[in-house]
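Worksheet: the structure to be examined is printed underneath.
Remember, it's 1-based here, ligands and their atoms both numbered in the order they're listed. Position 1 is the first residue of the sequence, and the numbers go up from there.
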Amino acid sequence: MTDHDLLDRLGEALGPKGLVSEAADMAPWLTDWRERVTGGAIAMALPASVEEVQQVVRIAAESGTPIIPQGGNTGMVAGGVPRPADRAIVLSLRPMNAIRSIDPADSSMVTEAGVILSEVHRAAEEADRRFPFSLASKDSATIGGLVSTNAGGTQVLRYGPMRSLVLGIEAVMPDGSLFEGLSSLRKDNRGYDLKQLLIGAEGTLGIVTAASLKLFPAAPNRVTAWAGFAKASDSLSLLRRLEADLGPVIEGFELVPAASLALVLDHIPDTRAPLTEAHAWNALIECRDGGDARALRGAVEQALAGAIEARLAADATIAASEAQAEALWKLREAISEAERHDGVAAKHDISVPVSAMPGFIESATAKVEAKFSGTRVNAFGHLGDGNVHFNVRAPADANGDAWLAGEGEAVSAFVHDLVAAEGGSLSAEHGIGQLKLAEYARLTGSVRLDAQRAIKQALDPLGIMNPGKLVPLANPPATP
Ligand code: 2HG
Ligand code: ZN
């Protein structure tokens, strides 16, 4: 099929509103959020219904055209954009943005893939329920993307990643057939779980078109606190002490080193330091429940005072209003953006056992900064999950892109080797996409990789679903 014929077929299936093929109109959607990859596409399909998605997939299968499912394009590993040499169809799920149903009694909600996360939050609240999953890109990330990447975010400590919040999915399979798995069953033990296989598959096995999400009771009381302390190792002791004092109300515990806070204060307008003095390490602590607001605040105050007395924290503050809580969250959520404004960084989304993380941060930072002179580690994030973003900023005088392609690659291999030695993972929450594929292949055992390739081959024998992401080729072409 020629490109011309392909565009004709897609145009017939989608109508003029559902198809974009002008380079300028496609451009914003062909470069990933981190601006690391600009992919090649013949067209961008904007289907408005499941049937239209099925038609696009059938046309792609007939013509052997790669199909790249895309949501809000907020991913961190270039999983939602084509490869540079592709001549792909980018299939945007954004027009499919209906909330199909909310069932407060069942505590579940069915949303289409293009619904934006903050819309899900709002809809759940209106039904006096809650969807307790959040991340910095909540105003543009879509449910389909979050499901397909098994996204993590800042509430994993209590609620787990997307995998534990999805009850069912609907997906178009690589031959155009429909997996009608939108159940809200809490228990379903019929062997292999196709839903879980598709969650986190990064669009390599099919296209998620809708999801049934688990809702929770509303928890209107939130107490957001910020604590400063001297040593990374205090962070875990502080978390464990607060857990012992406060119990399960703690749902977020985010580590913010002085370097991250300085980046945010430098680059993000309307931000200010939360404590009078600077501390080498800080934690943003979020507690929530549905009980008595004053009681929760009192309990958190008392727990923090106890932690200061035990010298696990040097100072702490509690947000006195929703606006102050939002301001504290902004300091944490804007780290990624502030780092991007500052220059390039070799980014590592790593996990090790929670108990090993403080020691890992200290020793790996010393090793990296000693070996690669001028680099500066910025390790922040989800300490309570054993997951930090161990980002290594280029030396101040480095040429960003050239550094990334040269020394940056060596830094990444070095960091990933340290992570592997701890039994950790090189992708805790961002997935593999294009950017981690080579390192994933290098560090992953053949049993796992072969099983993954066999699954891919069985479900997508034509290899049209988001090729070049997540599944390393068995025999990659030799690099010249
Ligand atoms: C976060 O936790 C995101 O803020 C982004 O996962 C992390 O930019 C990063 O490395
Ligand atoms: Zn993160």
Side-chain angles (χ1 to χ4, degrees), residues 32-37 71-80 117 133-141 145-146 148-163 200 202 235 251-257 259-264 267-268 271 282-286 328-352 354 357 361 364-365 368 375-394 400 404 408 411-412 415-416 419 424-433 435-436 439:
D32 69 306
W33 184 83
R34 287 177 57 191
E35 299 180 338
R36 293 286 307 281
V37 176
N73 195 17
T74 60
M76 304 298 290
V77 289
L117 178 58
F133 175 97
S134 195
L135 38 58
S137 54
K138 55 186 167 295
D139 291 321
S140 40
L146 296 168
S148 298
T149 57
N150 180 31
T154 49
Q155 261 76 6
V156 172
L157 188 63
R158 181 153 166 209
Y159 294 101
M162 280 304 277
R163 232 181 243 300
E202 301 183 13
S235 57
E251 58 182 55
F253 189 92
E254 295 286 311
L255 186 67
V256 182
S260 297
L261 183 57
L263 282 171
V264 172
H267 293 285
I268 307 294
T271 52
N282 305 270
L284 173 61
I285 303 145
E286 174 98 331
L328 292 180
W329 271 107
K330 186 169 175 182
L331 296 175
R332 160 63 187 93
E333 289 188 329
I335 297 173
S336 194
E337 195 186 326
E339 191 185 73
R340 195 163 71 129
H341 281 305
D342 200 69
V344 305
K347 279 177 175 284
H348 310 105
D349 164 37
I350 57 144
S351 61
V352 297
V354 182
M357 186 50 96
I361 293 173
T365 299
V368 168
T375 59
R376 297 148 299 163
V377 169
N378 182 31
F380 64 91
H382 323 292
L383 189 275
D385 312 330
N387 166 210
V388 296
H389 302 299
F390 192 90
N391 297 345
V392 181
R393 295 157 66 204
L404 268 183
V411 168
S412 291
V415 170
H416 290 153
V419 171
S425 165
L426 85 169
S427 178
E429 62 170 2
H430 294 162
I432 301 296
L435 298 183
K436 306 280 176 198
E439 281 291 87

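Taking backbone and side chain together, His430 holds no N, O or S atom under 2.8 Å from the Zn ion (ligand 2).
Separation of atoms CZ (Phe390) and CE (Met357) is listed at 9.0 Å; rounding is to 0.5 Å.
Within His389, NE2 is the N, O or S atom that lies nearest to the Zn ion (ligand 2). Nearest N/O/S atom of Glu429 with respect to the Zn ion (ligand 2) is recorded as OE2.
Scanning both residues, Ser351 and Val419, for their nearest heavy atoms gives O-CG1, 3.8 Å.
Using 4.0 Å as the threshold, Asn391 has a heavy atom nearer than that to some atom of ligand 1.
Side-chain contact annotation: His267 with Asp342, donor-acceptor N/O pair under 3.5 Å present. Side-chain contact of Glu254 with Trp329: a donor-acceptor pair under 3.5 Å is absent, judged by distance alone. In summary, the side chains of His348 and Glu439 do not present any donor paired with an acceptor at a separation below 3.5 Å, with no hydrogens or angles considered. At a cut-off of 3.5 Å, with distance as the only test, a side-chain donor of Asp349 or Asn387 sits close to an acceptor on the other residue.
The ligand atoms of ligand 1 that sit less than 4.0 angstrom from a heavy atom of His382 are 2 (O). Residue Phe380 has at least one heavy-atom neighbour below 4.0 Å for each of these atoms of ligand 1: 4 (O), 7 (C), 9 (C), 10 (O). Shown in contact with Met76 at under 4.0 Å from a heavy atom are these atoms of ligand 1, numbered in order with element: 5 (C), 8 (O), 9 (C). Within the listing of ligand 1, atoms 1 (C), 2 (O), 3 (C), 6 (O), 7 (C), 10 (O) sit less than 4.0 angstrom from a heavy atom of His389. Close contacts between ligand 1 and Glu429 involve ligand atoms 2 (O), 6 (O) [criterion: under 4.0 Å to a heavy atom].
Residues His430 and Thr149 form no side-chain contact, since every pair of their non-hydrogen atoms from C-beta on lies 4.5 Å or further apart. Here the side chains of Lys330 and Ile268 are in contact, with some heavy-atom distance below 4.5 Å. Proximity of Leu146 to Leu117: side-chain heavy atoms (C-beta onward) are separated by under 4.5 Å at one or more points.
Atom 2 (O) of ligand 1 has its nearest heavy-atom neighbour, among His348, Arg332, His430, in Arg332.
Taking atom 9 (C) of ligand 1 as the reference point, the nearest protein heavy-atom neighbour is Lys347 NZ, 3.1 Å.
Neither the backbone nor the side chain of Thr154 comes within contact range of ligand 1; no heavy atom lies under 4.0 Å. Contacts of Glu333 with ligand 1, taken as heavy-atom pairs under 4.0 Å, are absent altogether.
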